[in-house]
Structure formats: structure tokens, C-alpha cells
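Just the heavy atoms: all of them, side chains too, but no hydrogens, waters or symmetry mates, feed the values below. Per chain, numbering begins at 1; letters A, B, ... match sequence-line order.
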There are 2 protein chains.
Amino acid sequence: MNIGDAARAAGLPTKTVRYYAEIGLVKPAARRENGYRDYGMQEVQQLRFVQRTRSFGFSIDTCRELLALYADHNRASADVKAIALDHLAQIETKMAELQSLHAELTNLASACQGDKRPDCPILKGLAVGETA
Amino acid sequence: MNIGDAARAAGLPTKTVRYYAEIGLVKPAARRENGYRDYGMQEVQQLRFVQRTRSFGFSIDTCRELLALYADHNRASADVKAIALDHLAQIETKMAELQSLHAELTNLASACQGDKRPDCPILKGLAVGETA
DNA sequence: GTCAACCTTCCCGGGACTGGAATGCCGGGG
DNA sequence: CCCCGGCATTCCAGTCCCGGGAAGGTTGAC
């Protein structure tokens, strides 16, 4: 299977598939005589796994770990769960940050008339510090 | 005022201040004879403004726009508000994405025993696609 | 005279690609 | 036989926003 077909099957750009091969995340099963990468079903499945995992926001390194666990039939599900819970915690942290930013910025924006006059609480808030 | 003092006053690393000078975001008032950057009160205020604005998650380019509006005493507050509302919308988009990721991943994780056995719904969810 | 603490420039790396250039292979049409 | 489109290959550069560190000059205190 050529890289284009593998990429389509995995829902990834060929550039990305080539990149994954380069960093050793998902290597093609072989190279043909003409130098083309040759992907088999297993590699396509790995690519799809990575695509899904990346779409959950896991880093490439974590994808590597998860891929290893995926391949290891003697894995402990606890290891997988630990990774997932850790990522969940990071997501929660980011959400909390965004929420507080959102609240602050909403405050500032709602205080701003938004007309032709130059007076603007948003700029004041950005200049001074302290939003509350 | 030397760069170190300006940086401390603005709450930024000197590296960052130098970078902002390089990209023309906040330039020092002058250079001394010895080549040192010389910052005045106005530049320090701009640096602090940028620091705050960045901490709200605005991009450097948007900081540039806001800085220009900040300096323009004939600005219309509507222009500022438009930028803020746009950014708020982006924050909301990101929050929604994170929430859906969080929900999906929570689902997967809660279905996983997290023990020594290899059976793991998380990996299955990542492999197959479709979480619901 | 020496030392620390500052300042300068320059270059590299990172995370995860993305775009583009230059080149090679393959199958079909004129 | 040659050309063309569509695939593939490699390599280089850029993204975004700095951070780390080298190699060297300046300043002020002791």
C-alpha cells in the first residue's frame, strides 16, 4: 500500500505520515524497490490509532507510549488509565485557566461602550493590571 | 533605564524584552553610547501592557493592534471591543472543544477497570473511533 | 587588579507539523 | 517516442514565542 492510500485510510495528510515515519512513530512495513514506503494493514491501524489519540490532545510522546501499550498484550489497563487520567487533569487545568480568562475579559468587554469615543475600559484594564 | 530594570518593572524576562525590541513591538527609546538599550517610562508602560495582553492569550500581532489603539487617542472603543469579542469567541470555541474532549475521555476512562489485566476500553476507543 | 553583575550579539532548539522546490517513477494518449 | 498528470522521494524553510547558552564588552564595587 502506497503512502497516499495509507494516509487516506488513516485520515491523515501524507506529509504527516511521512513525518511519523521519520520520527519512528509509525514506520512503513517496508520499502519497495523504487524507494516507495509500503504500508500494511497493521501500520494503517497504528496510524489511525495515532490520529485518534492525537485528536484527543495527547502529545506525540504520549502517543508513543499508548501505541506501545496498544501493542503489548500483556499490558495492565491501569497503566493506560493512569495516562488518561493525567491527561484529563491537564485538560481540566486548561479549562479552568480559560474560564478565568473568559470571565475577566467578559467583564472588561461588557464595561466597554463600543462606540466612536476613545474611552475604553478594556484598554484601561490591560494597562493597569487588576481587573476585579 | 537598562533592559533588566525595564524587564523587572514590566514583569517580563529580559530575553522577551529583547525579542519584542527585535520584532519592533516595543522598541527602546534609545541606545546609549555603549550600545545598551535605554527604556523610558512610556516604553515600560507599553511592555507592561503587552505583558498583560499576552497573559490574556492575545497573539503578538493582536498585541500590536491593541498597542496601536492604546497609543491612538482618537481611537474608537468599538474597535477595541471588536478585538476583545473576537478573542472571547475563540476562547469559547476552545473551551467547547476541551469540554467535549473531556467528556469523551472521561467516558472511556470510567469504563476502564485500571487493574493488572490487559483489557482496556480506552485503547479500544482510541483504536476504533466512535466513543459514544 | 579583580570580581560579579550587567549588557551585547548570535545561533540552536522545540512541538508538530506545513509548504514548497527539485527530482524520480508510472501509466496512458497523441 | 515523447509528453503529461499524478503519484512518490528528499531536503530546506517557516510557523509561534521565546529560552538556553556561548563569546565577549561595560560598569561599578572592593
Note, A:H87 side chain near A:T62 side chain (heavy atom, < 4.5 Å):
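Side chain of A:H87 against side chain of A:T62, heavy atoms only: no contact under 4.5 Å found.
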Between atom [atom1] in [X] and atom [atom2] in [N], what is the gap in whole Å?
X: B:E33; N: C:dC7; atom1: CD; atom2: P; value: 18 Å
X: A:Q90; N: C:dG15; atom1: CD; atom2: P; value: 14 Å
X: A:Y19; N: C:dT18; atom1: OH; atom2: C1'; value: 11 Å
X: A:Y20; N: C:dG15; atom1: OH; atom2: C1'; value: 11 Å
X: A:L47; N: C:dC17; atom1: CG; atom2: P; value: 12 Å

Could you list, one pair per line, each protein nitrogen or oxygen that sits under 3.5 Å from a nitrogen or oxygen of nucleotides 22-24 of chain C, together with the distance?
unit_1, atom_1, unit_2, atom_2, d
C:dG24, N2, A:Y36, OH, 3.3

Check every nucleotide of DNA chain D for an atom under 4.0 Å from a heavy-atom of chain B, then give the first and the last such nucleotide from 5' to 3'.
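Contact span on the strand: D:dC17 to D:dT27.
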Between [X] and [Y] (side chain of the first, backbone of the second, donor and acceptor by atom type, cut-off under 3.5 Å), is there such a pair?
X: A:D38; Y: A:R31; result: no
X: A:E43; Y: A:G40; result: yes
X: A:N2; Y: A:G4; result: no

What parts of residues 1-17 of chain A reach DNA chain D, counting only heavy atoms under 4.0 Å away?
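Result for residues 1-17 of chain A: A:N2, A:I3, A:G4, A:K15, sorted by number.
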Using only side-chain N and O atoms of B:R37, determine if any of them is under 4.0 Å from OP1 or OP2 of C:dC6.
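Answer is no, no contact under 4.0 Å.
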Would you classify B:R18 as touching base, sugar-phosphate or nothing, given that sugar-phosphate means primed atoms plus P, OP1 and OP2, and contacts are heavy atoms under 4.0 Å?
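Answer is base: heavy atoms of B:R18 come under 4.0 Å of a base.
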So A:R32, base contact, sugar-phosphate only, or nothing? Heavy-atom distance under 4.0 Å.
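No contact at all - A:R32 keeps every heavy atom at 4.0 Å or more from the nucleic acid.
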Heavy-atom pair of closest approach, residues [X] and [Y]:
X: B:Q45; Y: B:Y70; value: NE2-OH, 3.2 Å
X: A:S77; Y: B:G114; value: OG-N, 3.3 Å
X: B:Y20; Y: B:R54; value: OH-CG, 3.8 Å
X: B:V80; Y: B:L69; value: CG2-CD1, 3.8 Å

Between CD1 on residue B:I3 and NZ on residue B:K15, distance to nearest 0.5 Å
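The distance works out to 10.0 Å.
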Step by step, work out the salt bridge (Lys or Arg N to Asp or Glu O under 4.0 Å) result for A:D119 and A:K124.
CA-CA 9 Å; A:D119 184 51; A:K124 277 181 193 155; 2.8 Å; yes
Got a sec: does the CD of A:Q90 have more than 12 other heavy atoms crowding it under 6.0 Å?
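For A:Q90, atom CD is crowded (more than 12 foreign heavy atoms under 6.0 Å).
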